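In what follows, a single structure is set out as structure tokens and then discussed.
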Amino acid sequence: MANLRTMLRWLRGRESAITGLVGRLVRIESSSYDREGVNRLVDALAVEWRKRGARVERIRPARAAERGDVLRCEWRPAKVAAGGQILVLGHTDTVYERGTLERMPFRVRGGRAYGPGTLDMKAGLAIALAAVDAMRATGHAPRRRIVFLWTPDEEIGSEAARARIEREARRSAAVLVLEPGSGPRGRLKTARKGVGEFTVEVRGRAAHAGVNPQAGVNAVHELAMQIARVMRFGDARRGITVNADVIEGGTRTNVIAERARARVDVRVARAGDIARVTARFGGLRPILPGARVRVSGGIDRPPMERRVAEGLFAKAQRLGRELGMRIEESSTGGGSDGNFTAALGVPTLDGLGAVGAGAHTAGEFIRTRSLVERAALLAALLHRL
Ligand SMILES: [Zn+2]
């Protein structure tokens, strides 16, 4: 029992060092669209992992080659008890473009650390390194080979990394995702909705709005009616949400609009609803005579259903009790790379990263104490899984 707590105690003495590491990572700006920035962060992380005896591999993505590299760090100390591997997922990219750091510098105050990407998720990357440090320093070996996979484009859909994530997941006994925990207590994430985007494009016919309006077919009117239709595809009780969040169309007020389109965010809680919702979008037909409607897109991140996380969550709770920490769970409408691994049926537990608030905003921060607690929890999982 006291065993795991030695790691927690060791980590407590390292809080400011881990916070310093987060600062170093935050200061290397790495927007998803900034290949050079992401690769500089990958360089720095590769150095850290080599120092810890990991086998480091950089993979240039085959798809979306304009993205940064995927970093795969395999840690397998001499005495590993069980076969197979545990996959730990994180991402090196952030939603902040280069230059953000100037107006949003990394700073530590009152137990919090602020800066672009602190919470989502430079802290998660530092927590992984700290967990390995604690295990090495206190003689807690992992039970299996551990693969840390850091991807370069999670914030924009993971096109570059998805195939690699799925390949690693298929040979893993469990997947641990270092996305931030939810809320002020940092609840783990045991369910995530599936996420997709549909585009509804309408083609009408232009005409002078005063001289010959009867000759026109108004694409904006048609689109408005189509939006009213797709809104009804939502079903709060089943966890389906449909939101047209971007629309464009028309040219001038005296010209009947020839074109209009809407981009629609769609989320589903159950995998079984993907086909149903997709079919409803595919079934959209024009309402105004002479209008044409074209639908594209789909749900590309399948939901992470709770049953896939259940067992791992129960283990995390037990380990939490040994560490003297209360571990809670939550579900979210947001997607992560954990959606892909859970959809393959591989046990996946998410939200193991830092605790804080304001992800993707100017006020983003982490609680520095959570770096210690989360590193201890991750180390405990890697030791026992
Ligand atoms: Zn993230």
Side-chain angles (χ1 to χ4, degrees), residues 22 25-26 28-34 37-38 41-42 45 61 64 67-71 87-97 100-101 104 106 113-129 131 148-162 164-165 168-169 175-183 186-195 265 267 300-304 309 330-343 348-367 370-371 374-375 378:
V22 174
L25 303 180
V26 169
I28 305 173
E29 291 185 284
S30 55
S31 148
S32 317
Y33 298 103
D34 180 359
V38 168
L41 179 61
V42 168
L45 290 165
R67 304 288 168 245
D69 293 343
V70 173
L71 184 65
L87 178 63
V88 182
L89 278 182
H91 59 86
T92 44
D93 63 320
T94 74
V95 298
Y96 304 94
E97 52 197 87
T100 305
L101 198 58
M104 202 178 148
F106 178 79
Y114 297 83
T118 43
L119 178 62
D120 191 7
M121 55 169 285
K122 305 270 166 103
L125 304 176
I127 284 167
L129 289 162
F148 298 87
L149 193 71
W150 298 162
T151 67
D153 64 342
E154 192 273 345
E155 297 290 5
I156 54 171
S158 298
E159 193 195 350
R162 179 171 181 172
R164 190 69 198 204
I165 293 166
E168 294 289 350
V175 179
L176 306 174
V177 188
L178 294 174
E179 290 292 337
S182 324
R187 288 171 297 161
L188 303 187
K189 292 168 180 170
T190 51
R192 284 181 180 274
K193 283 187 180 177
V195 188
D265 180 279
R267 290 166 197 256
D300 46 14
R301 264 190 221 262
M304 172 173 137
S330 66
S331 67
T332 170
S336 87
D337 285 340
N339 289 58
F340 298 132
T341 62
T348 299
L349 186 59
D350 201 340
L352 287 159
V355 182
H360 301 194
T361 74
E364 177 165 350
F365 74 88
I366 55 164
R367 294 186 183 284
S370 74
L371 296 170
R374 290 307 168 108
L378 179 63

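All values derive from a computational prediction rather than experimental measurement. Note that ligands are numbered from 1 as they come in the structure, with each ligand's atoms numbered from 1 the same way. Throughout, numbering of the chain's residues begins at 1 and tracks the sequence.
Looking only at side-chain heavy atoms (C-beta outward), R67 and I156 come within less than 4.5 Å of each other. Residues L45 and L25 meet the side-chain proximity criterion, which asks for heavy atoms closer than 4.5 Å.
Listed by chain and residue number, the protein N/O/S atoms under 2.8 Å of the Zn ion (ligand 1) are H91 NE2, D120 OD1, E179 OE1, E179 OE2, with waters left out.
Expressed to the nearest 0.5 Å, how far CG of D69 lies from CH2 of W150 amounts to 16.0 Å. Here CG of D350 is found 8.5 Å from CG of L89. Values are rounded to the nearest 0.5 Å.
Considering every non-hydrogen atom in both D34 and E29, the closest pair reads OD2-O, 4.3 Å.
Between D337 and R301 there is a salt bridge, with a side-chain nitrogen of the basic residue lying less than 4.0 Å from a carboxylate oxygen of the acidic one.
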